[in-house]
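For reference, the structure is listed below as structure tokens.
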Amino acid sequence: MTIVLSAILFYFLNVLFFLFVVSLLSFISVSILLLLKIEIRQWLVLLLALPIIIGTQFFLDKQMDAIELRETDIVIKGNGEIVKNTANKHLVTTDKDLFIAIDGIKPYEEKFSYTFQTEDGQQQAIDILISFHETDMETIRNNFQVFKEVLQSIDNDPVRYFSRYSYYTDVVESRLQSEISEKVASLKKEELTTAIMVNIIETVGAQLLNDEERKLFSIELISE
């Protein structure tokens, strides 16, 4: 089940549902006490019902997720269907495979700065430009599965959010740094010309990224 609600309706239904749960459990508690012919003050009934109310709310929260959406968010159900009309709305879902692409599909760029050690113990600082491409839903879904597996290998919590930026930092970045570090460490500082560094970045990028990842972004050296 997946429902999209306006902010006002979401908060109204939230309060209404909470009051319903409180009233229902209080009624059940009183009925049981009357059935057992136990006399007890009303405030004690509410006190006794409180742990049950909290437990019920906790159980229901585990069964569904409530998510506040931004204008650029794209909501994709577990079956691949795109949820429409979600801008600045609230989403309530029991779909455990649903996820949200939080950086949309439009292109943008980010600069990353790294420092590596050369063969002769010198420091080589470089700036890399990651160009995130305009992409399609199929590419996002395919890469999300890889992203999800990587994150859940560390922490088995559900993965609800995906971005091309996070895919780079969580899946690719450490491998990229390792590969560049290995190549830079085999050369002396004076040998690392701009042309050599461009070649290193292009070679590593070509070897590191698979076809689906190349649809998400490209990697290049920012030369001075």
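All of these numbers come straight from a predicted model, not from anything done at the bench.
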- [ ] Might you point out which heavy atoms bring Lys89 and Asn85 nearest each other, and give the distance in Å?
- [x] NZ-O, 3.6 Å

- [ ] Please answer: with hydrophobic residues joined when any side-chain heavy atoms are less than 4.5 Å apart, are Ile222 and Ile201 in the same cluster?
- [x] no

Open item on the list: Using every non-hydrogen atom in the two residues, find where Asp170 and Phe147 come nearest and quote the distance to one decimal.
Closed with: OD2-CE1, 3.6 Å

Task: Asp95 side chain vs Gly78 backbone, donor-acceptor pair below 3.5 Å - done: yes

TODO: Please tell me if the side chains of Tyr168 and Glu110 come closer than 4.5 Å, counting only heavy atoms from C-beta onward.
DONE: no

Task: From Ser218 atom OG to Glu202 atom CD, the distance as rounded to the nearest 0.5 Å - done: 11.0 Å

Open item on the list: How close do Val184 and Gln117 get, counting heavy atoms only, and between which atoms?
Closed with: CG1-O, 3.7 Å

TODO: State the OG1-CG distance between Thr194 and Leu221, to the nearest 0.5 angstrom.
DONE: 7.0 Å

Task: Exercise: identify the closest heavy-atom pair between Gly104 and Ile140 - done: O-CD1, 4.1 Å

Open item on the list: Are Ile128 and Leu176 packed together at the side-chain level, in the sense that at least one heavy-atom pair is separated by less than 4.5 angstrom?
Closed with: yes

Task: Point-to-point distance, once rounded to the nearest 0.5 Å, from CG of Leu151 to OG of Ser166 - done: 8.0 Å

- [ ] Measure the shortest side-chain to side-chain distance between Leu208 and Arg175 over non-hydrogen atoms and say whether it is less than 4.5 angstrom.
- [x] yes

- [ ] Could you grab the distance from atom OG1 of Thr135 to atom CG of Asp103, nearest 0.5 Å is fine?
- [x] 10.0 Å

Open item on the list: Please determine whether side-chain hydrogen bond (donor to acceptor under 3.5 Å, both in side chains) holds for the pair Asp136 and Thr139, giving the CA-CA distance in whole Å, both sets of side-chain angles, and the decisive distance to 0.1 Å.
Closed with: CA-CA 6 Å; Asp136 54 55; Thr139 299; 2.9 Å; yes

Task: Hphob cluster co-occupancy, Val159 + Leu98, side-chain heavy atoms under 4.5 angstrom - done: no

Task: Counterpart residues, salt bridge (Lys or Arg N to Asp or Glu O under 4.0 Å), relative to Arg70 (two or more places apart) - done: Asp73

Open item on the list: According to salt bridge (Lys or Arg N to Asp or Glu O under 4.0 Å), who are the partners of Lys77, at least two apart in sequence or on a separate chain?
Closed with: Glu81

- [ ] Please check if atom CD1 in Ile8 has more than 12 non-hydrogen atoms from other residues, nucleotides or ligands closer than 6.0 Å.
- [x] no

- [ ] Return the minimal non-hydrogen interatomic distance between Val146 and Tyr167, and the atom names on each side.
- [x] CG1-OH, 3.5 Å

TODO: Would you indicate whether Glu190, at its atom CD, is surrounded by more than 12 heavy atoms from other residues, nucleotides or ligands within a distance under 6.0 Å?
DONE: no

Open item on the list: Less than 4.5 Å apart, side chain to side chain, heavy atoms only: is that true for Lys148 and Asp97?
Closed with: yes

Task: Tyr165 and Ile102: CA distance, side-chain angles, deciding distance, side chain to side chain contact (heavy atoms under 4.5 Å, CB included) verdict - done: CA-CA 10 Å; Tyr165 182 95; Ile102 61 174; over 6 Å; no

Open item on the list: Tell me if a side-chain donor or acceptor on Asn199 pairs with a main-chain N or O of Ala195 at a distance below 3.5 Å.
Closed with: no

Open item on the list: Using side-chain heavy atoms (C-beta onward) and a distance below 4.5 Å, is Ile67 in contact with Tyr161?
Closed with: yes

- [ ] Search all heavy atoms of Tyr108 against all heavy atoms of Arg164 and return the closest pair with its distance.
- [x] CE2-NH2, 3.6 Å

Task: Residues Lys188, Asp120: salt bridge by 4.0 Å N-O rule - done: no

Open item on the list: How about CD on Glu138, more than 12 heavy atoms from neighbouring residues, nucleotides or ligands closer than 6.0 Å, or not?
Closed with: no

Open item on the list: Within the structure provided, determine whether Ile219 and Ile130 are in side-chain contact (heavy-atom separation under 4.5 Å).
Closed with: yes

Open item on the list: Regarding Lys215 and Glu212, does a basic nitrogen lie under 4.0 Å from an acidic carboxylate oxygen?
Closed with: yes

Open item on the list: For Arg160 and Leu91: C-alpha separation, side-chain torsions, deciding distance, then whether side chain to side chain contact (heavy atoms under 4.5 Å, CB included) applies.
Closed with: CA-CA 12 Å; Arg160 283 295 192 200; Leu91 181 81; over 6 Å; no

- [ ] Show the numbers, then the answer: is there a side chain to side chain contact (heavy atoms under 4.5 Å, CB included) between Ile200 and Leu192?
- [x] CA-CA 10 Å; Ile200 288 174; Leu192 286 170; 4.1 Å; yes

Open item on the list: Do Val172 and Phe217 have side chains that approach each other closer than 4.5 Å (heavy atoms only, starting at C-beta)?
Closed with: yes

Task: Thr118 side, atom OG1; Leu187 side, atom CG - distance, nearest 0.5 Å - done: 8.5 Å

Open item on the list: side chain to side chain contact (heavy atoms under 4.5 Å, CB included), that's the test. Do Phe112 and Gln177 meet it? Break it down for me.
Closed with: CA-CA 11 Å; Phe112 293 82; Gln177 288 179 280; over 6 Å; no

Open item on the list: Could you check whether atom CD of Glu71 has more than 12 heavy atoms from other residues, nucleotides or ligands sitting under 6.0 Å from it?
Closed with: no

TODO: Using a 4.5 Å cut-off on heavy atoms from C-beta on, say whether the side chain of Phe116 contacts that of Lys183.
DONE: no

Task: Hydrophobic cluster membership, Phe162 vs Val150, 4.5 Å side-chain cutoff - done: yes

- [ ] Starting at CD1 of Ile74, measure out to CD1 of Ile100 and round the result to the nearest 0.5 Å.
- [x] 11.0 Å

